[in-house]
Amino acid sequence: MPADLAVIGLGPYGLPLAQAAVAAGIPTLGFRTGPEAGSLSPAELRRMLSGGFRHATSPAELGRVRTAVICAPTPPGADGGPDLGQVEAAARTLAARLRPHTTVILESPVHPGTTEDFLRPLLEEGSGLRAGRDFHLAYSPSRVDPGNRDFTPANTPKVIGGLTPACTESAAAFYSRLTDKVVRARGPREAETVQLLETNYRHVNIALVNEMAMLCHELGVDLWDVVRCAETKPFGFQAFRPGPGVGGHSTAQDLTGHTGRTLRMVELAQQVNHQMPRYVIQRAAALLNEHGKSARGARVLLLGVTYKPDLADQQATPAQEIAVRLMQLGASVSYHDPHIPSWNVLDRPVPRADSLYEAAADADLTILLQQHRTYDLQGLSVKAQLLLDTRGATPTGAAHRL
């Protein structure tokens, strides 16, 4: 079966797009750009294969599709900006097979101007075709929220910015097959900046509430009750909640290395969010001391070591730094996570607790880092000797909260 769509990059951005396309009845070709953090259950893979998905066996197959979407990962580079290495490799591979009238869309998180100033020359030089005349070129920010059951690709509006009005309309025609609403930006730079704004909005607001958590602890104020009350305001407020650190694939983006201009709010937000694992360690050590114990030699159980609840993804999880710092203090660290069968820290395997209640009862301190749905937090708060809840997920008064 010929594919209508090629998804180039099957990581955290490409795999959900491929799933949505197959669900919409679009024959889809998947092309890997490297070792990507994307996984499917056997049942999900069977559904995709039966729906028309297949992996590319040769780059030549990229020349037979009508639409190609580049979803290559862009991890932080040496200068703090997105590393475009995999985007470049994907572009060069596609360019050598690019045919006239193909629609090429970039979804990877990038700085404003990347589609026009970086991707376009690669595609044009490698293909001999001209963007906007011989093929369509556009940018669309990925709006993936892993594990979110309320918002899926079908009911999440898709922003599109094309190199020309015709490019925008071609990309809109494709995405209208996947989603209920398409939003047209003025151009690729505006669409790229949408991604920048959305990502930084999240990080800045998380930083604010993280600072509030530290302040409220000093004042003896229950932050979680403050947030509960504040979110009843029907305008001018959106509730964010603190945590042990910010993980995931979407990192805050400063433009210092790209334009020479610093986004001060983003820079400060990064500083606040990066210090949260250290703050968790401070709170943990203080709790142990209050109960007549030292961090050195203490048995500490970490619950939930993924970056998000009910997922097996450990991308940039704060649990890693927290475990390292506990070990450096001389603590004996173990963990429990129903989604992570084994876990290495400092190139050493961390002991995995088989029985949650027994491990919590045996540990000098249990730290809840992620509130997986399978955790009985009421029962846990009874069994644990000492419990630090970094997510505000336990019943009021049942544990020490961040």
Side-chain angles (χ1 to χ4, degrees), residues 199-248 252 264-293 295 298 300-309 316-319 321-323 325-326 329 331 360 363-372 375 377-378 380-382 384-402:
T199 300
N200 286 340
Y201 176 87
R202 170 176 173 259
H203 282 268
V204 167
N205 281 280
I206 290 174
L208 171 62
V209 79
N210 278 337
E211 279 208 301
M212 289 294 297
M214 292 183 274
L215 173 65
C216 286
H217 176 67
E218 294 174 7
L219 297 177
V221 171
D222 185 344
L223 168 75
W224 306 94
D225 192 55
V226 172
V227 174
R228 179 185 65 83
C229 294
E231 67 182 342
T232 63
K233 184 180 180 182
F235 53 88
F237 182 83
Q238 180 182 358
F240 285 78
R241 289 169 174 78
V246 180
R264 289 286 307 283
M265 292 290 290
V266 177
E267 185 179 42
L268 292 171
Q270 288 176 303
Q271 293 174 10
V272 171
N273 292 333
H274 287 167
Q275 75 173 340
M276 291 310 293
R278 293 193 295 274
Y279 179 68
V280 171
I281 297 301
Q282 293 171 10
R283 292 287 305 278
L287 280 173
L288 287 168
N289 286 336
E290 289 170 10
H291 289 76
K293 297 175 182 178
V300 181
L301 173 67
L302 302 181
L303 299 186
V305 297
T306 60
Y307 92 89
K308 198 169 186 181
T317 173
E321 182 180 346
I322 289 170
R325 291 183 178 275
L326 285 168
L329 290 175
D364 297 310
L365 173 65
T366 298
I367 306 178
L368 178 67
L369 298 178
Q370 198 55 267
Q371 72 273 35
H372 293 309
Y375 285 155
L377 299 180
Q378 179 70 59
L380 178 67
S381 61
V382 173
Q385 292 188 43
L386 189 59
L387 178 60
L388 174 59
D389 175 7
T390 70
R391 297 290 181 177
T394 52
T396 302
H400 297 271
R401 286 178 169 183
L402 193 65

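All values below were derived from every heavy atom in this structure, side-chain atoms included, with hydrogens, water molecules and symmetry-related copies excluded.
The shortest side-chain heavy-atom distance between L388 and R283 falls under the 4.5 Å cut-off. For the pair L223/V227, a side-chain contact is recorded, criterion being any heavy-atom separation below 4.5 Å from C-beta on. When side chains are defined from C-beta on, T390 does not count as touching M276, because their heavy atoms never get closer than 4.5 Å. At a threshold of 4.5 Å between non-hydrogen side-chain atoms, the residues P244 and R391 count as touching. The side-chain heavy atoms of W224 and T396, taken from C-beta on, include no pair separated by under 4.5 Å. Between L380 and T394, the closest side-chain pair of non-hydrogen atoms is not below 4.5 Å. Counting only heavy atoms from C-beta outward, the side chains of Y375 and L368 approach each other to under 4.5 Å. Side-chain contact between V246 and Q270 is absent, with no heavy atoms from C-beta onward closer than 4.5 Å.
By the side chain to side chain donor-acceptor pair (under 3.5 Å) test, R325 pairs with E321, sequence neighbours left out. With sequence neighbours excluded, no residue forms a salt bridge (charged side-chain N to carboxylate O under 4.0 Å, His left out) with D222. Taking the side chain to side chain donor-acceptor pair (under 3.5 Å) definition, one finds that K308 meets it with D145, sequence neighbours left out. Among residues two or more places apart in sequence or in another chain, the side chain to side chain donor-acceptor pair (under 3.5 Å) test is passed with D225 by R228. Partners of R241 by salt bridge (charged side-chain N to carboxylate O under 4.0 Å, His left out), not counting sequence neighbours, listed by chain and number: E231. Applying the side chain to side chain donor-acceptor pair (under 3.5 Å) criterion to T199, with sequence neighbours excluded, gives Q195, S250.
At most 12 heavy atoms of other shown residues, nucleotides or ligands fall within 6.0 angstrom of atom CE in M212.
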